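Just so it is clear, the model here is predicted, and its values are computed rather than measured. So that the names make sense, note that chain A is the first sequence line, chain B the second, and so on, each numbered from 1.
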Protein chains: 2
Amino acid sequence: MIKTNTSPPSDIGQATRDRLLSAAGQIFADHGFQNATVRDICSRAGANIAAINYHFGDKQGLYSEVFLYACSLAADNDTAKADSGLPAPERLRRHISAFLAHLLDEGRPAWHSKLMARELVEPTGVLDDLIGHSIRPHFQGLIDIVSAILGPTVPADVVQRCATSIVGQCVFFHNSRPILVRLDPELRFGHDQIEALAAHITTFSLTGLTAFMPAREVRKSAAALKRANHA
Amino acid sequence: MIKTNTSPPSDIGQATRDRLLSAAGQIFADHGFQNATVRDICSRAGANIAAINYHFGDKQGLYSEVFLYACSLAADNDTAKADSGLPAPERLRRHISAFLAHLLDEGRPAWHSKLMARELVEPTGVLDDLIGHSIRPHFQGLIDIVSAILGPTVPADVVQRCATSIVGQCVFFHNSRPILVRLDPELRFGHDQIEALAAHITTFSLTGLTAFMPAREVRKSAAALKRANHA
DNA sequence: TTGACCCTCAAACGGTCGTTTGAAGGCTGC
DNA sequence: GCAGCCTTCAAACGACCGTTTGAGGGTCAA
């Protein structure tokens, strides 16, 4: 209707396929796979109802492609390897801060983290792809940091549980946001609040980790924590 | 078909209305509000399609009633007030243990915790009821414990953040179970594992809390923690 | 100019959903 | 026995869903 389509594909800027991917990402993230309708997606993308089936086969195909796109975006953010020269507590702080920002920041391409959080609660089948491409390396990175903090003598299952405790604190703020804002209407998730939250979780976790350290590591960690708190 | 219904309502044991509530609880918990179908619920309850509309008005009315029933069950479990004579760290341990068991235990009336976890991610409107009846008092109970541990000089927002860190660790195991079992196929959630998990979260959190204590409280807590770990 | 191919379009298809309908059976008080 | 009420039943209704169809305009090489 509005668009006469007499121009070459690259004219308007986004081809129909790309607009569908973008619109689908937001709508899938907001409503979940089942509750999102192809009519909504096509309408927001300014495309015809049949466009999804033409470009992606079916709704599930569109979802899979959106999901792979989200995974590739998430992978781009994993540039944390450059931090490997830093001391482990500082790497933990950055890891938590980046993860929280990734989960909570209401920035422009924020829908892919929502999408992933949805997939956690209600797997649709592409979950295994997600785990392999994004979650497992991300979680492994955290485990490496925790292991470096705890020292080499702490068994792997303890390291894993500690890493889970840290991830859980972060994810909770995302998954349970509807509850949290009702419990505390003052709660906001701007950049400053996210940084404060990251600082809290880092302090809480670094201190909590000392419970599982051999005594020698505890003293090193306490000194590092005191330095960090005074910075 | 199977049931001739020539007997009085109390004969078989459960009236149609009760069977609907029970079946709906499980199905809503497993599939969510949208994905659950009234045909599924009626079929499992051995009732006619029209039974839901007759007894509850519509699907939403059934959901609300199921939810209130779940809330009342959860309230029954809140008998933790008898613990108020115990020292705060022990109260925290019991709180975490009970909460984890409530979330993870695959026992018989387990669907109401699943149902609530679902409502957190995808509020349907009865969420506000839930918050008032169950979550707020539960969370307030935790805040009281944390406040008792941290001492009276620690500001309320710090207490609240610490309580959130603790709840987050617990809820994470429930919400992200699909991920966790894929990351670690050995993971199980039997009674013993839940107890071990509760012990881990308690130790991690009690230690993490010391980061926010005045020095006087830290020494008291360290002694209590050492006692608890040697028990 | 022609024909093959790509893409878009309005319209409809088959299926499933929540809900409604109206008949029918059982029970209770008169 | 009978009227009134409660409950259950099979069947259908209308709405919405994902998907398919077939026509038609567009581009581009031959």
Check: Do any side-chain nitrogens or oxygens of A:T16 fall under 4.0 Å of OP1 or OP2 in C:dC7?
Finding: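 The answer is no; no side-chain N or O of A:T16 sits under 4.0 Å from OP1 or OP2.
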
Next item on the list: Using only side-chain N and O atoms of B:H55, determine if any of them is under 4.0 Å from OP1 or OP2 of D:dC6.
Entry: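 For D:dC6, OP1/OP2 do not have a side-chain N/O of B:H55 under 4.0 Å.
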
Please tabulate the protein-to-nucleotide N/O contacts below 3.5 Å involving nucleotides 17-19 of chain C, giving atom names and distances.
| from | atom 1 | to | atom 2 | distance (Å) |
| --- | --- | --- | --- | --- |
| C:dG18 | OP1 | B:A36 | O | 3.1 |
| C:dG18 | OP1 | B:K59 | NZ | 2.7 |
| C:dG18 | OP2 | B:V38 | N | 2.9 |
| C:dG18 | N7 | B:R39 | NH1 | 2.9 |
| C:dG18 | O6 | B:R39 | NH2 | 2.9 |
| C:dT19 | OP2 | B:K59 | N | 2.8 |

I need the [atom1]-[atom2] distance between [X] and [N], as an integer number of Å.
{"X": "A:N48", "N": "D:dG18", "atom1": "CG", "atom2": "C1'", "answer": "14 Å"}
{"X": "A:Y54", "N": "D:dG22", "atom1": "OH", "atom2": "P", "answer": "17 Å"}
{"X": "A:D18", "N": "C:dT8", "atom1": "CG", "atom2": "P", "answer": "11 Å"}
{"X": "B:F56", "N": "D:dT8", "atom1": "CZ", "atom2": "P", "answer": "11 Å"}

Notebook entry, point to check: Who pairs with B:H55 by ring-ring contact (aromatic ring centres under 6.0 Å, His included), at least two apart in sequence or on another chain?
Noted result: none

Margin query: My understanding is that only residues two or more places apart in sequence, or in another chain, count here; which of them pass ring-ring contact (aromatic ring centres under 6.0 Å, His included) with B:F33?
Written below: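 For B:F33 the ring-ring contact (aromatic ring centres under 6.0 Å, His included) partners, ignoring immediate neighbours, are B:F28, B:Y63.
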
Check: For A:R94 and A:R91, what are the C-alpha separation, side-chain angles and deciding distance, and is it a side-chain contact (heavy atoms from CB on, under 4.5 Å)?
Finding: CA-CA 5 Å; A:R94 297 193 178 194; A:R91 271 157 61 204; 5.8 Å; no

Checklist line | Residue pair A:R136 / B:R182: nearest heavy atoms and the distance that separates them | finding: NH2-O, 3.6 Å

Margin query: I'd like to check B:F172 versus B:L180 (side-chain heavy atoms, cut-off strictly below 4.5 Å). Are they in contact?
Written below: yes

Check: Side chains of B:S22 and B:R19: donor-acceptor distance under 3.5 Å anywhere?
Finding: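 B:R19 and B:S22 do not have a side-chain donor-acceptor pair below 3.5 Å.
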
